[in-house]
Amino acid sequence: MFPFSSLFSSSKNQNSFLKNLQQNDVQSFIEKVFTEVMPNNMQDVMNQGAVKAKESGTRTAENPLQANVLETHSFIYIRIPIQDESWLKQMKIYHTSNQSIIHDIPNEGDKHNIPLPALVRKKGTFVQYKDNILEIRFQKHSDLNYSEIDISEL
């Protein structure tokens, strides 16, 4: 167990204890405290959060669209390989200022959110299809409106 009494008894003991402290010791101590203190249902909730984080990581790794996002000084490009030209007739493309939403490809009802690395303008988007690649070009929006915050009276 964790030697609390020796830790707080004197600074001399504290310094020697901290020098000998290993990361694995701290990790095992924290896990032991959580298992003793937290009720079982709370531990299940914590474990579910870890499982969801792992699942979301695998979903992004799969990336069924295989979309590539490229940022330049003035534009953001998304390049999506199109396996079947019939996708172009059934797909719908939307965007907000910070993400692109692709509907109905490869199957009807599918929805893919592609986060954009910078803010984009509402207008000025250009789409081009060439060599089985759909390229979407967004014009970047540089927000130059800024305000000074007065901190002189702190």
Side-chain angles (χ1 to χ4, degrees), residues 2 15 17-154:
F2 209 69
N15 288 336
F17 174 75
L18 291 175
K19 287 180 185 175
N20 297 328
L21 190 64
Q22 299 293 324
Q23 183 177 1
N24 293 336
D25 297 336
V26 174
Q27 182 69 27
S28 62
F29 172 73
I30 290 173
E31 289 174 0
K32 185 175 181 181
V33 168
F34 274 129
T35 56
E36 291 174 359
V37 174
M38 297 180 84
N40 289 336
N41 60 352
M42 211 40 177
Q43 290 175 11
D44 292 340
V45 170
M46 298 270 294
N47 290 337
Q48 285 177 353
V51 168
K52 285 184 182 178
K54 288 180 184 175
E55 287 176 358
S56 67
T58 57
R59 281 188 203 141
T60 56
E62 289 173 6
N63 192 4
L65 285 184
Q66 298 175 349
N68 293 324
V69 180
L70 173 71
E71 180 179 7
T72 65
H73 289 292
S74 302
F75 300 102
I76 295 176
Y77 295 90
I78 297 178
R79 300 185 81 204
I80 304 170
I82 302 294
Q83 297 171 3
D84 186 6
E85 285 192 36
S86 65
W87 286 8
L88 296 173
K89 294 180 176 122
Q90 72 185 28
M91 74 186 299
K92 296 190 186 309
I93 304 171
Y94 305 97
H95 76 91
T96 64
S97 60
N98 63 351
Q99 71 178 344
S100 177
I101 303 125
I102 314 292
H103 281 276
D104 297 335
I105 64 168
N107 301 316
E108 190 172 335
D110 288 352
K111 178 181 173 185
H112 307 280
N113 291 335
I114 302 170
L116 301 175
L119 296 178
V120 296
R121 292 186 180 270
K122 190 174 185 178
K123 306 259 182 188
T125 303
F126 178 76
V127 180
Q128 175 179 326
Y129 177 71
K130 185 177 180 181
D131 297 330
N132 293 333
I133 300 287
L134 180 70
E135 183 177 87
I136 308 167
R137 183 184 74 187
F138 299 96
Q139 189 173 10
K140 288 174 74 172
H141 178 66
S142 55
D143 187 10
L144 299 177
N145 296 328
Y146 58 92
S147 301
E148 181 180 358
I149 299 172
D150 185 24
I151 57 170
S152 62
E153 295 183 20
L154 291 179

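Values below: every heavy atom of this structure, side chains too, minus hydrogens, waters and symmetry copies. Residues take their numbers from the sequence shown, with the count starting at 1.
Checking N68, I93, I114 one by one against I78, the side-chain contact (heavy atoms from CB on, under 4.5 Å) holds for a single residue, I114.
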Verdict with reasoning, E71 to I76, per side-chain contact (heavy atoms from CB on, under 4.5 Å): CA-CA 4 Å; E71 180 179 7; I76 295 176; 4.2 Å; yes
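You'll find the side chain of E153 stays beyond 4.5 Å of the side chain of I151, heavy atoms only. Annotation: side chain of Q139 is not in contact with side chain of K123 (no heavy-atom distance under 4.5 Å). The shortest side-chain heavy-atom distance between N132 and P81 does not fall under the 4.5 Å cut-off. Using a 4.5 Å heavy-atom cutoff, the side chains of I136 and I102 are in contact. The shortest distance between side-chain heavy atoms of Y129 and E85 falls below 4.5 Å. For the pair H103 and I101, the minimum side-chain heavy-atom distance is below 4.5 Å.
H95 pairs by the ring pair (Phe, Tyr, Trp, His ring centres under 6.0 Å) definition with F138, not counting sequence neighbours. By the salt bridge (Lys or Arg N to Asp or Glu O under 4.0 Å) test, R79 pairs with E135, sequence neighbours left out.
Between the side chain of N98 and the main chain of L119, no donor-acceptor pair closer than 3.5 Å is present. Side-chain atoms of D150 come within 3.5 Å of backbone N or O of S152 as a donor-acceptor pair. When atom types are taken as modelled, the side chain of H112 and the backbone of I105 share a donor-acceptor pair closer than 3.5 angstrom.
Here the shortest heavy-atom pairing between L88 and M91 reads O-CG, 4.0 Å. Across all their heavy atoms, K140 and A118 have their closest contact at CE-CB, 3.8 Å. Listed here is the closest heavy atom pair of T96 and L116: O-CD1, 4.5 Å.
Surrounding CD1 of I149 are at most 12 heavy atoms belonging to other residues, nucleotides or ligands under 6.0 Å away. The local environment of CG in D84 is crowded, with over 12 non-hydrogen atoms from other residues, nucleotides or ligands closer than 6.0 Å.
Put simply, CZ on R137 and OG1 on T125 are 9.0 Å apart, with the number rounded to the nearest 0.5 Å. Note that CG of N113 is 4.5 Å distant from CD of Q99, once rounded to the nearest 0.5 Å. If you take CG on L134 and CD1 on I80, they are separated by 5.5 Å, rounding to the nearest 0.5 Å. Rounding to the nearest 0.5 angstrom, the gap separating the CH2 atom in W87 from the CG atom in D110 is 9.5 Å.
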